[in-house]
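The next block holds one structure in the form of structure tokens; read it before the comments.
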Protein chains: 2
Amino acid sequence: MNTKEIEIYKKIKQAIIQQKLRPNMQLVEKEIAEAFGVSRTPVRNVLRRLSYERLVKIIENKGAFVTCSSIEEAKEVFEMRRILESRAVRNACRLSSEEQLRELEKMVKEELSTYQHVDYVEAIQMSGEFHLKIAEMAGNSYFYRYLEDLISLTYVIISIYGRGQEEKSTCLHHLDIFNAIKKRDEDLAEKVTLEHLNDIEDNLRFHENLQIPTTLSEIFHP
Amino acid sequence: MNTKEIEIYKKIKQAIIQQKLRPNMQLVEKEIAEAFGVSRTPVRNVLRRLSYERLVKIIENKGAFVTCSSIEEAKEVFEMRRILESRAVRNACRLSSEEQLRELEKMVKEELSTYQHVDYVEAIQMSGEFHLKIAEMAGNSYFYRYLEDLISLTYVIISIYGRGQEEKSTCLHHLDIFNAIKKRDEDLAEKVTLEHLNDIEDNLRFHENLQIPTTLSEIFHP
DNA sequence: GCAAACATGATTGTATACAATCGCTAATAC
DNA sequence: GTATTAGCGATTGTATACAATCATGTTTGC
């Protein structure tokens, strides 16, 4: 992807994450192309890329739609996050430099001081970036690569199944995780990370037979 | 990707895996397009997909080249395989159906009976498919998704750093892994899987200052 | 003779025209 | 009145023409 495509890519991804583009919305190539003043070609490339990352779903001859993960898909995302992040945080305990620790600390502090002042979507995004920072500290680019996609998907999942309010505990958990890494206590770091991820998942409304209307007929003929 | 693109995708991927397209070879869009009797458009889509999977590397305004993983990249691939496969095989112990076990057994038996009669490349590919089968049995599509790419990359890595002969032990290890899964012995299954992956990595020539010539000047001015 | 600028060919990047497909509406058959 | 079919509009899929870029080789200036 070149500069132009990356620009479009980031804007669309951000719009999905910030829920400006809601699940199941169709992304019409021509409209996006006009919005960015380019032809459909680079837009198509970006949509394909986003479909590899599963943020959009491309249906042949129909178009690209913002992902609307099912409950099963959401559970898979959380299971894989637990697997990868438990290992990532252990690696981070062993490998992270003092410089990286300071950066991580700065992120936690910022989260703690702003989480009530910023809006919900922004808070979730800050939280995600904390997790990604740990992936970056794990010394294997695949952690970052995979978790970047899984965390982006988590934003969408929260937008579907979330309760629309950030849990106060999130920042505190992050503080616990940071302290464990700083102490280089691998077992503790893994433990609090797993508890934290379970907490997030437990706060989703998987059991309240939440209907995700996919088609208009599902809305009008329930 | 539609049927036509999937066809092209599989053929190119297979050619890379079978070492007909060697590392660092340039994949010229026009040539591939003519070979398949299509325009450059679907070829470009396939090359982008392959670059997302890291089997090819696209350099802007220069073209697409078959991946030539560095030693560091190769080590990352093996580390991530150990992380994912150790968990996948544990899941497989718990979740696999009798039907799946029979299929896996069939694969091992076939490997054992043919590994000396088939050529090197084919043997490696059979080995990879055994690992993928376990990923499929792990009950989370991300195992398959990630390991499909990591195993494909492993083929390329072996073609660069391998000794050009299959280790006899590979099939026997697979048999051990299968037996552990059949016994539903998670700890044992994880142990033999990790040993097996370490074995494969240890047999690569990372330390024989193997030069991968990238440019001609590296060849003539060592 | 050597270095820098220029020209050329090959390849990729982008825009656009056209073809194929799909969903919807309306017309038709019964 | 209902079901099937035909046609239309909108959208995506493909091919192609043209622009931008890079590497190579040649010319030119000194």
Side-chain angles (χ1 to χ4, degrees), chain A residues 1-12 15-16 21-68 213-221, chain B residues 1-12 16 21-52 54-68 213-221:
Chain A
M1 294 214 305
N2 56 35
T3 324
K4 188 186 289 183
E5 284 178 5
I6 290 175
E7 157 96 3
I8 300 169
Y9 164 77
K10 284 185 177 167
K11 287 261 173 69
I12 296 181
I16 293 174
L21 295 170
R22 308 275 311 177
N24 281 326
M25 263 192 180
Q26 181 165 10
L27 304 169
V28 178
E29 296 171 0
K30 198 184 167 196
E31 290 174 10
I32 298 170
E34 283 168 1
F36 285 98
V38 296
S39 76
R40 278 170 52 211
T41 310
V43 174
R44 284 175 67 79
N45 293 334
V46 167
L47 291 177
R48 272 169 176 270
R49 165 77 186 262
L50 286 166
S51 86
Y52 300 149
E53 298 174 7
R54 304 204 175 175
L55 270 186
V56 315
K57 187 171 187 174
I58 292 179
I59 303 174
E60 233 191 302
N61 289 317
K62 285 196 63 181
F65 302 83
V66 178
T67 285
C68 187
T214 317
T215 61
L216 284 182
S217 69
E218 278 182 52
I219 296 175
F220 295 122
H221 310 292
Chain B
M1 297 217 301
N2 55 37
T3 325
K4 188 187 289 184
E5 285 177 4
I6 289 175
E7 158 97 1
I8 300 169
Y9 165 77
K10 284 186 178 168
K11 286 262 173 69
I12 295 181
I16 294 174
L21 295 169
R22 308 274 312 175
N24 280 327
M25 264 193 180
Q26 181 164 9
L27 303 169
V28 178
E29 296 171 0
K30 198 184 166 196
E31 291 173 9
I32 299 171
E34 284 168 0
F36 285 98
V38 296
S39 76
R40 279 171 50 212
T41 311
V43 175
R44 285 174 67 78
N45 292 335
V46 168
L47 291 176
R48 275 169 173 269
R49 162 85 185 257
L50 286 166
S51 90
Y52 183 73
R54 302 203 178 177
L55 271 186
V56 315
K57 187 171 186 174
I58 291 178
I59 303 174
E60 231 190 305
N61 289 316
K62 286 196 62 181
F65 302 83
V66 177
T67 286
C68 185
T214 318
T215 63
L216 284 182
S217 72
E218 278 182 52
I219 294 175
F220 295 122
H221 310 294

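Bear in mind that the values here come from a model prediction, so they are computed numbers and not experimental data. Order of the sequence lines fixes the chain letters, A, B, ..., with proteins taken first and strands second; residue numbering starts at 1 for each chain.
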Given C:dA15, C:dG13, C:dC22, identify the nucleotide with an atom nearest to the side chain of B:Glu29. C:dG13
Indicate yes or no for a side-chain donor-acceptor contact from A:Glu29 to the backbone of A:Ser39 under 3.5 Å, with no hydrogens or angles considered. no
Rounded distance (Å) that lies between atom C1' of C:dG23 and atom CZ of A:Phe65: 11 Å
Under 3.5 Å, side chain of A:Ser51 to main-chain N/O of A:Val56, donor-acceptor pair present? no
Nucleotide C:dT11, atom C1' - distance to CZ of B:Arg40 in whole Å: 7 Å
Rounded to the nearest Å, what distance is computed from the CG atom of residue A:Asn2 to the P atom of nucleotide C:dT11? 20 Å
Presence of salt bridge, B:Glu5 and A:Arg48, under 4.0 angstrom: yes
Identified salt bridge (charged side-chain N to carboxylate O under 4.0 Å, His left out) counterpart of B:Glu7 within the set B:Lys11, B:Lys4, B:Lys10: B:Lys11
Please determine whether a side-chain nitrogen or oxygen atom of B:Gln26 lies at a distance below 4.0 Å from atom OP1 or OP2 of C:dT12. yes
A:Ile59 CD1 - D:dT12 P separation (whole Å): 11 Å
B:Ser39 side chain: which of D:dA23, D:dT14, C:dA15 is closest? D:dT14
Interatomic distance where CD belongs to B:Glu5 and C1' belongs to D:dA15 [whole Å]: 13 Å
Grab the NZ-P distance between B:Lys30 and D:dA17 for me, whole Å please. 12 Å
Where the side chain of B:Val28 is defined as all heavy atoms beyond and including C-beta, which of C:dT11, C:dG13, C:dC22 is the nearest nucleotide? C:dT11
By the 4.0 Å heavy-atom rule, please label B:Glu31 as base, sugar-phosphate, or nothing. nothing
Out of D:dT21, D:dG13, D:dA23, minimum distance to the side chain of B:Asn61 belongs to D:dT21
Is there a side-chain contact between A:Tyr9 and A:Glu53 (heavy atoms, below 4.5 Å)? yes
May I have the distance from B:Glu60 (atom CD) to C:dT11 (atom P), rounded to whole angstrom? 18 Å
Measure the distance from CZ on B:Arg44 to C1' on C:dT14 and round it to the nearest whole Å. 9 Å
Taking D:dA15, C:dG13, C:dT14 as options, the one with an atom nearest any side-chain atom of A:Lys4 is C:dT14
